[in-house]
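Quick notes on the structure that follows.
Counting starts at 1 for both ligands and their atoms, following the listed order.
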Amino acid sequence: MTRILFYLEDYSHDIWRDSLLKVAPGIDFRSYPDWGTPDDGPAYAFVWEPEPGLIASYPNIRAVFSLGAGVDHLTRDPNLPPEVPIIRMGDDGLKEGMAEFVAMSVLMHHRGIPSMITKQKNKDWGRFFAKAAKDVRVGILGFGALGRVAAEALTPFGYQVAAWSRTPKNPVEDVTLHHGSDRLDDFLANTDILVGLLPSTPETQGLLDKERLSLLPEGASIINAGRGTLIDLDALKAHMESGHIASATLDVFPEEPLPSNHPLWGLDNLIITPHIAAITRPDTAAEYVVRNIARIEQGDAPENLLDANRGY
Ligand code: NAP
Ligand code: GLV
């Protein structure tokens with residue numbers, strides 16, 4: 001019988017158990033801390049932010065399914081057994097959620113909504129006349145599963161969409177593709193609305209520092225829905241206070257929740273969302289996990305296997 005060891009804090013586990021049982025009625029679903037003992041036999045972990053050392057203490061775990069696309073919540077564990085495969089989430093719910101969030105956010109920044117929220121507090125009628133979408137350059141950092149769906153959500157509006165990745169990609173209609181670190185500065189200099197959809201790796205941490213942010217055109221906007229380690233927040237604050245960066249939406253932060261005394265809470269033209277851009281949905285994720293357990297058991301490679309060298 002397939003055994004799933006589930007870990008997610010502060011959330012009802014019933015919906016996850018019911019979704020998995022709906023797809024695979026025979027599974028043995030065990031919610032932490034009732035995982036049993038390693039002697040109970042082979043199991044798959046399905047987890048978000050497990051306590052460090054927990055995975056290592058269950059040597060019967062054959063593979064770990066991350067509840068999210070990001071795996072930094074797992075790789076920060078110094079005791080994570082290197083031989084256990086890690087499978088990143090890639091369910092359709094996550095993609096649909098990110099497409100909605102990016103489309104909503106790009107439209108809001110294009111149409112000046114963050115500045116209107118600021119002005120409303122001062123009863124200021126100051127009007128904002130937006131450019132046509134065809135004259136707005138949207139640059140997406142990261143062209144993986146989520147960068148692609150974000151681009152697809154934006155092109156119907158007529159935006160000039162470009163994307164940047166580590167490695168080259170096959171051509172995609174209506175999206176200008178760039179790759180490699182030597183293209184980044186030029187990419188930023190030609191982006192009016194920047195969308196961050198990068199994983200947290202040693203190469204992406206602090207990538208948007210003071211100098212790189214200064215390459216964005218005057219009045220640019222930033223949306224970050226990848227990981228909070230991407231941006232130097234002090235530098236972003238300084239660029240927003242000077243007006244160089246007109247507005248931003250941040251969904252992810254180096255420390256979450258963002259501490260209540262953090263100066264970003266009071267910054268004008270900044271929209272803060274509490275890491276909700278794309279939430280894994282139990283129904284689509286259950287299908288994804290069950291499908292990939294079957295692949296592993298047939299000896300096939302699962303989808304979205306973590307490449308430990310790349311870090312995503
Ligand atoms: P993915 O399919 O692995 O795509 C990652 C993309 O980033 C790839 O295009 C990759 O380039 C690019 N990349 C990585 N390192 C790079 C570097 N040094 N320089 C240039 N490009 C680089 O991942 P995904 O499923 O799209 O998810 C992306 C991230 O979104 C996740 O890792 C997670 O942190 C975040 N996320 C956030 C939320 C939220 O609610 N805020 C929800 C889900 C996910 P190559 O294609 O060339 O490898
Ligand atoms: C959410 O942040 C995820 O990694 O899926």
Side-chain angles (χ1 to χ4, degrees), residues 8 11 46-50 64-76 86-102 104-105 139-153 162-170 172 175 177-188 194-209 212 222-231 249-254 256-258 271-282 284-285 288-289 302-312:
L8 175 64
Y11 199 86
F46 184 23
V47 297
W48 183 253
E49 295 183 342
V64 178
F65 285 87
S66 167
L67 250 146
V71 290
D72 37 330
H73 66 106
L74 287 164
T75 53
R76 67 182 177 172
I86 295 179
I87 297 128
R88 305 170 46 228
M89 185 46 63
D91 74 310
D92 288 343
L94 204 57
K95 293 178 197 158
E96 288 161 13
M98 190 58 84
E100 290 162 7
F101 186 86
V102 171
M104 169 191 75
S105 302
I140 303 173
L141 294 176
F143 200 55
L146 301 181
R148 282 174 187 269
V149 293
E152 281 166 17
W164 180 74
S165 57
R166 194 176 52 85
T167 57
K169 306 286 166 216
N170 291 330
V172 174
V175 183
L177 298 175
H178 304 262
H179 70 273
S181 47
D182 56 343
R183 290 292 306 136
L184 180 59
D185 290 0
D186 190 46
F187 181 84
L188 295 174
L194 185 68
V195 180
L197 284 175
L198 287 167
S200 183
T201 69
E203 288 74 35
T204 63
Q205 287 163 15
L207 193 69
L208 296 185
D209 58 13
R212 287 236 173 69
I222 296 183
I223 297 154
N224 190 20
R227 279 296 180 265
T229 49
L230 177 70
I231 305 179
T249 292
L250 301 179
D251 183 61
V252 284
F253 299 86
E256 294 179 4
L258 184 67
I271 293 178
I272 289 174
T273 53
H275 201 143
I276 46 69
I279 301 296
T280 303
R281 296 184 183 150
T284 48
Y288 179 85
V289 168
E303 298 161 65
N304 292 315
L305 190 61
L306 169 68
D307 177 334
N309 292 323
R310 287 188 328 191
Y312 61 97

Considering non-hydrogen atoms of the protein only, which is the closest contact for [atom], and what is the distance?
atom                    : result
atom 48 (O) of ligand 1 : Tyr312 OH, 2.5 Å
atom 21 (N) of ligand 1 : Arg166 N, 3.0 Å
atom 13 (N) of ligand 1 : Leu198 CD2, 3.5 Å
atom 35 (C) of ligand 1 : Gly226 O, 3.4 Å
atom 37 (C) of ligand 1 : Ala225 O, 3.0 Å
atom 28 (C) of ligand 1 : Leu197 O, 3.5 Å
atom 27 (O) of ligand 1 : Leu146 CD1, 3.5 Å
atom 8 (C) of ligand 1  : Gly144 N, 3.7 Å

Do you know which of Thr280, Asp92, Asn304 makes side-chain contact (heavy atoms from CB on, under 4.5 Å) with Tyr288? Asn304
side-chain contact (heavy atoms from CB on, under 4.5 Å) test vs Phe143 passes for just one of Thr167, Val172, Leu197, namely Val172
At the 4.0 Å heavy-atom cut-off, does Lys169 count as touching ligand 1? yes
Determine, using heavy atoms of Gly68 and all atoms of ligand 1, whether some pair is separated by less than 4.0 Å. no
So which atom in [X] and which in [Y] form the shortest heavy-atom distance, rounded to 0.1 Å?
X      : Y      : result
Lys169 : Leu177 : CB-CD1, 3.8 Å
Met89  : Ser66  : CB-O, 3.5 Å
Ala150 : Val102 : CB-CG1, 3.8 Å
Ala145 : Lys95  : CB-CE, 4.2 Å
Val252 : Gly226 : CG1-O, 3.5 Å

Please verify the inter-ring angle class for His178 with Phe187; under 30° counts as parallel, over 60° as perpendicular, anything in between as tilted. perpendicular
Looking only at distance, does Gly142 have an N or O less than 3.5 Å from an N or O of ligand 1? no
Ligand 1 to Leu94 polar contact by distance, N or O atoms, under 3.5 Å: no
Can you tell whether the side chains of Arg281 and Glu96 come within less than 4.0 Å, N to carboxylate O? yes
Can you list the atoms of ligand 1 that are under 4.0 Å from a heavy atom of [X]?
X      : result
Phe143 : 6 (C), 8 (C), 9 (O)
Trp164 : 19 (N), 20 (C), 21 (N)
Met98  : 37 (C), 38 (C), 39 (C), 42 (C)
Ala69  : 25 (O), 44 (C)
Glu203 : 18 (N)
His275 : 39 (C), 40 (O), 41 (N)
Val252 : 41 (N)
Thr167 : 45 (P), 47 (O)

So how far is it from Thr201 OG1 to Arg166 CZ, rounded to the nearest 0.5 Å? 9.0 Å
Taking 4.0 Å as the limit for heavy-atom contacts, which would you say applies to Arg88 with ligand 1: side chain only, backbone only, both, or neither? side chain
Below a 4.0 angstrom heavy-atom separation, can you tell me which part of Arg227, side chain or backbone, both or neither, approaches ligand 1? side chain
Select the closest option to [atom] among [options], judged by heavy-atom distance.
atom                    : options                        : answer
atom 42 (C) of ligand 1 : Ser181, Ala278, Gly311, Ser165 : Ala278
atom 5 (C) of ligand 1  : Gly70, Gly90, Pro199           : Pro199
atom 2 (O) of ligand 1  : Ala277, Ser200, Ala145         : Ala145

Quick one: is the NZ or CZ of Arg310 closer than 6.0 Å to the six-membered ring centre of Tyr312, and within 45° of its axis? yes
Determine whether the side chains of Ser200 and Asp72 contain a donor N or O and an acceptor N or O closer than 3.5 Å. no
So is there a nitrogen or oxygen of [X] less than 3.5 Å from a nitrogen or oxygen in ligand 2?
X      : answer
Ala69  : yes
His275 : yes
Leu67  : no

Where do Ile87 and Leu306 land on the side-chain contact (heavy atoms from CB on, under 4.5 Å) test, with the steps shown first? CA-CA 6 Å; Ile87 297 128; Leu306 169 68; over 6 Å; no
Walk me through whether Leu141 and Val195 qualify under side-chain contact (heavy atoms from CB on, under 4.5 Å). CA-CA 6 Å; Leu141 294 176; Val195 180; over 6 Å; no
Do Asn224 and Asp251 have side chains that get closer than 4.5 Å, going by heavy atoms? no
Report yes if some heavy atom in the side chain of Leu230 is under 4.5 Å from a heavy atom in the side chain of Gln205; otherwise report no. no
Contacting atoms of ligand 2, where contact means under 4.0 angstrom from a heavy atom of Arg227: 1 (C), 2 (O), 3 (C), 4 (O)
In this structure, is the centre-to-centre distance between the rings of His73 and Trp48 below 6.0 Å? yes
